[in-house]
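These notes concern the structure reproduced below.
Just so it is clear: chains get the letters A, B, ... in the order the sequence lines come, proteins before strands, and each one is counted from 1.
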Protein chains: 2
Amino acid sequence: MKADLGQIDSTTIQSQVYQRLREALFTGDLTPGESLTIRNLATVLGTSPMPVREALQRLVAERALVQMPNRTFRVTPFTPDMFRELMRVRMTVEGLAADQAARRMTATGLRKLTQLNAAMIRGIENSDPAQVMTANRNFHFTLYEIAEMPQLLDIINGLWLRAGPYLTNAHRKLVDPLPFFRAGTLFHERIITACQSQAPKAAATAMACDIWHSARRFRRDVDLINTPEPEPAPKRPRGRPKKSEKPT
Amino acid sequence: MKADLGQIDSTTIQSQVYQRLREALFTGDLTPGESLTIRNLATVLGTSPMPVREALQRLVAERALVQMPNRTFRVTPFTPDMFRELMRVRMTVEGLAADQAARRMTATGLRKLTQLNAAMIRGIENSDPAQVMTANRNFHFTLYEIAEMPQLLDIINGLWLRAGPYLTNAHRKLVDPLPFFRAGTLFHERIITACQSQAPKAAATAMACDIWHSARRFRRDVDLINTPEPEPAPKRPRGRPKKSEKPT
DNA sequence: ATTCGTGATCTGTGATCTCAATTTATTTTA
DNA sequence: TAAAATAAATTGAGATCACAGATCACGAAT
């Protein structure tokens, strides 16, 4: 029996929808303030409303989406306070992850992190911000996985999910992002060096500096950049149709 | 119009189910490893399966429940690694909350915290562990709310939700819990003093010590206490009924 | 005696429908 | 003319059903 029958995808539809929406949030395809409806998404994704509804509710529970008083779903708007808080919490939480990763670091882990930072540097040389940001994200999560703290990783995933739409949008609007990205790779090198030396506190400090550098860079821009994209006009808003819209 | 028509409860059924399950987890009515089914809970709570399903899935997303390979829901089992991790993360995260609360502390806040710690002391004098634990929880969350960091509070809520079933169970099994609880109130006094003195780092340290004291107290017991309660025999397990069970 | 196949049952998932709340525009009333 | 009432539409929530996967017991086949 040589035929490759392939794998059957037994992932539930709802978790596929959830992952699709997560990615859209990370990549900035969904922007803060943007409205989502169950039926529209179900149509776009080719499913019934149920799995969409459940995915949306999960994202609400994770605060990546909010539900308005009229019950519609929106991508969580971004405020200066929220920005400050997320960055402050990230410094502490991701600092802890870096500290614990340094305590558990292996040669394989160091090699991997070095490769990922090199990939980020290549993205800078290629003037390709998307490559840079993917490599940055991979660097961070590879490091945090080395810490082997699944509950903490879950918390960090939630923080990135919330900050994701804003940060993706903010990076896109940088006129010249390359010096900013270059500084990021230097912090990564500090983290790698600290891990190599089994210096957990230095790793945590370098991580906090990486995040702080980000926070400081975007601090003054948060009100301007945060302006939600103009809401695409809903095809047919709620309410009674106008006489002019009625078919003859 | 003098008649008091009362308020209409517009909370969705699903969020009522969710809150009910949360409370059951906190109070230990639901224990680690315990199995839950949608239809059974819906019958017990007098709802259709839908809101129960959505509440359960939210709790899975929050890792308070897990879904087994055969898709049934269970309260997340507790392991020594999970215990260590949760406590380590709590020291850091709740330390940050205490630090930020100290920076924002008001006279009203101090008074409130003092009263809550006094309530805890009264519970100790009354030899009433449930009163002690409620007061302890109220103390912590009042402090964290003063920090005015909603994202961080959300993270802490998630941590307590996961640790809740275990800690409730563990406290219940203490032969003489009073000295342990008394030490807790002393840490709370240190936190209050640090907040009064506008000493955020001292507040964070006292909080970490409070949690560390808990962690150390239960560290050796975690394997014994963690043993899941014997699963109540399901009324009618999956599979074909035995001949002996068939009606004549 | 062991293994395999079949049927019965439970379980969660997804589909579909109905309902209630919200929103908007038009019509009616004063 | 302004305010109130009515109508029409969207939206999520809840109910219900069907389905597929998992599990168990029993009978048939070897």
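- Nucleotides of DNA chain D nearest to Arg39(B) and Pro51(B) differ in position, and the one nearer the 5' end is that of Pro51(B).
- Listed by first then second residue, pairs satisfying salt bridge (Lys or Arg N to Asp or Glu O under 4.0 Å) with a partner in residues 45-54 of chain B read Arg53(A)-Glu54(B), Glu54(A)-Arg53(B), not counting sequence neighbours.
- One interatomic measurement links the two molecules: CE of Met50(B) to P of dC19(C), which rounds to 17 Å at whole-angstrom precision.
- Here the side chain of Lys242(B) is nearest to one of dG14(D), dA25(D), dT9(C), namely dA25(D).
- Among dT13(C), dA15(C), dA8(C), the nucleotide with an atom closest to any side-chain atom of Thr47(A) is dA15(C).
- Taken to the nearest 0.5 Å, the CG atom of Leu152(B) stands 12.0 Å off from the CD atom of Glu145(B).
- Per the geometry, CD belonging to Glu54(B) stands 8 Å off C1' belonging to dG14(D), to the nearest Å.
- If you measure from atom CG of Leu56(B) to atom P of dT11(C), you get 13 Å, rounded to the nearest angstrom.
- One can place CD of Gln57(A) at 8 Å from C1' of dA13(D), the figure rounded to the nearest angstrom.
- Rounded to whole angstrom, the span from the CZ atom of Arg74(A) across to the C1' atom of dT22(C) amounts to 14 Å.
- Taking only side-chain atoms of Ile38(A), from C-beta outward, the nucleotide of dA15(C), dT13(C), dG12(D) with the closest atom is dG12(D).
- Where Gly239(B) and Pro49(A) meet DNA chain C, the nucleotide closest to each residue was compared, and Gly239(B) sits on the side nearer the 5' end.
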Check: For Phe26(B) and Trp160(B), what are the C-alpha separation, side-chain angles and deciding distance, and is it a ring-ring contact (aromatic ring centres under 6.0 Å, His included)?
Finding: CA-CA 8 Å; Phe26(B) 272 127; Trp160(B) 279 61; 7.1 Å; no
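- With sequence neighbours excluded, no residue forms a ring-ring contact (aromatic ring centres under 6.0 Å, His included) with Phe73(A).
- Looking at Thr27(A), Leu21(A), Leu25(A) one by one, the single match for side chain to side chain contact (heavy atoms under 4.5 Å, CB included) with Glu23(A) turns out to be Thr27(A).
- One can place CG of Leu41(B) at 13 Å from C1' of dT11(C), the figure rounded to the nearest angstrom.
- In this structure, CZ of Arg240(A) is placed 7 Å from P of dT26(C), rounded to the nearest angstrom.
- Near-neighbour residues of DNA chain D inside residues 62-72 of chain A, defined by a heavy atom below 4.0 Å, number-ordered: Gln67(A), Arg71(A).
- Taking only distance into account, the side chain of Arg53(A) meets the base of dG14(D) through a donor-acceptor pair shorter than 3.5 Å.
- A sub-4.0 Å separation between OP1 or OP2 of dT27(C) and a side-chain N or O of Lys243(A) is present.
- There is a side-chain donor-acceptor pair under 3.5 Å between Thr31(B) and Glu34(B).
- Taken from CG in Asp99(B) to CD in Glu94(B), the straight-line distance is 13.5 Å, to the nearest 0.5 Å.
- For Arg238(B), counting side-chain heavy atoms from C-beta on, the closest listed nucleotide (dA15(C), dA22(D), dG12(C)) is dA22(D).
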